[in-house]
2 protein chains.
Amino acid sequence: MDRFVSQFTNRLDAKGRVSIPASFRAVLARDGFEGLFVHPSLDAPAVECGGNALLREIDQLLALHAPYSEERSSFSMALFGASEILKIDSDGRVVLSESIKEFAGITSEVSFVGQGEKFQIWEPGRFHAHFEEARNRVRDLRKQLNSLYAGPGGPRSQGARE
Amino acid sequence: MDRFVSQFTNRLDAKGRVSIPASFRAVLARDGFEGLFVHPSLDAPAVECGGNALLREIDQLLALHAPYSEERSSFSMALFGASEILKIDSDGRVVLSESIKEFAGITSEVSFVGQGEKFQIWEPGRFHAHFEEARNRVRDLRKQLNSLYAGPGGPRSQGARE
DNA sequence: TATTTTCCCATGATATCCCATGATTTCCCG
DNA sequence: CGGGAAATCATGGGATATCATGGGAAAATA
């Protein structure tokens, strides 16, 4: 498999180390990146993690803006300046920096959440809250979709709209 | 890794020396440039630092303007004229010149900020302010981008509604 | 000669390496 | 199908290496 899927929660040890889930390590190994590339999420108290695939994503985001433009340097500052490359030790563990832990509110446990090309790390409590919220949102969106859809015969005239 | 990433703050010692973060030194070593090429930023109270990769970037910027044009010589003057090559001692430290320290407002501590191809040095207080601003800006820009995107079918006309 | 610059070594704190352990899980062979 | 051996995995801890920083002395500069 070459995607990050599922979620795991591991403990931080006394030295601040935490094991990356084995299945995630397998994806990283295939990706070929040395270490773990991480940066704080722009829209949640979580940290985005990955390898070359994530780096490519950032490059694409940067490429949207002209070189030397103010937007470009803002992105560069906010993304590269806030990123880190964590070393993965021989047992598959990383040490989370203080700034990462503070940003995500992590103290003793870490949740790893697969996101396909990348994964996120969360403080477990915050993650569960966020997860429930996402679930509810999806439910609502599906309801809206269903009410728009009217089957193979094409949209029905009447109740199709809100 | 061959990019400057993350941020570090180190102290100037009594002799005006400051350690370049080890991970940045590793990138510089790979780049192959002897010493550290620096020049004041064109739009912030910061100093741009790097090696051959940074020089290449400057060449590209100059190439945007016609040879012997006034703009070109202005850029060339502003960039190369104000640039320096700092020596890196055997412990990975540099001595910042007076003009650099004055330009950036540096007194006792220096923040090193990764920007991919290059890195910047800042007075820590100024940097934090600038960083927060960049982050907010990026958040706003991203919101604008997201509202333009409407899925594989292309942008929806108008009433896409919340 | 006086002052600054460069080289080299010392040190404490932190990060990294390497091995151990117990709990599952997977595998294999009867 | 079933049960025991082997492999995998998260976690823990001691030993070692790396890093930022400080300072002395040689070398260069004025």
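In what follows, chains are A, B, ... by sequence order, proteins preceding strands, each numbered from 1. Basis for what follows: all heavy atoms, side chains included, without hydrogens, waters or symmetry-related copies.
In this structure, A/Glu98 atom CD and C/dA13 atom C1' are separated by 15 Å, rounded to whole Å. Spacing between atom CZ of A/Arg93 and atom P of C/dT16 amounts to 12 Å, rounded to whole angstrom units. Regarding A/Phe8, its CZ atom lies at a distance of 17 Å from the P atom of D/dT8, rounded to whole Å. With rounding to whole Å, B/Phe112 atom CZ is found 11 Å from D/dA20 atom C1'. The distance between atom CG of A/Asp89 and atom C1' of D/dT11, rounded to the nearest whole Å, is 11 Å. With rounding to whole Å, A/Asp13 atom CG is found 13 Å from C/dT16 atom P.
Remark: B/Arg17 is not in phosphate contact with C/dC7, judged by side-chain N or O atoms under 4.0 Å from OP1 or OP2. For B/Arg11 and D/dG22, the shortest distance from a side-chain N or O to OP1 or OP2 is below 4.0 Å. A close approach under 4.0 Å does not occur between any side-chain nitrogen or oxygen of A/Arg25 and OP1 or OP2 of D/dT8.
Of the charged side-chain nitrogens involved, at least one lies within less than 4.0 Å of a carboxylate oxygen, so that A/Glu98 and A/Lys101 count as a salt-bridged pair. Salt-bridge annotation for B/Arg137 and B/Glu133: absent, with no side-chain N of the basic residue lying under 4.0 Å from a carboxylate O of the acidic one. A/Asp59 and B/Arg3 are joined by a salt bridge, as a carboxylate oxygen and a charged side-chain nitrogen come within less than 4.0 angstrom of each other. With salt bridges taken as basic N to acidic carboxylate O contacts below 4.0 Å, one links A/Asp43 and B/Arg142.
Each of A/Asp91 and A/Lys87 lies near DNA chain C, and the nucleotide nearest A/Lys87 is the one positioned closer to the 5' end. Judged by closest nucleotide on DNA chain D, A/Pro21 is the one of A/Pro21 and B/Leu12 placed further toward the 5' end.
B/Asn10 comes within contact range of the sugar-phosphate backbone alone, with a heavy-atom separation under 4.0 Å but no base atom that close.
Side-chain proximity of A/Lys15 to C/dC8, D/dG13, D/dT11: nearest is D/dG13.
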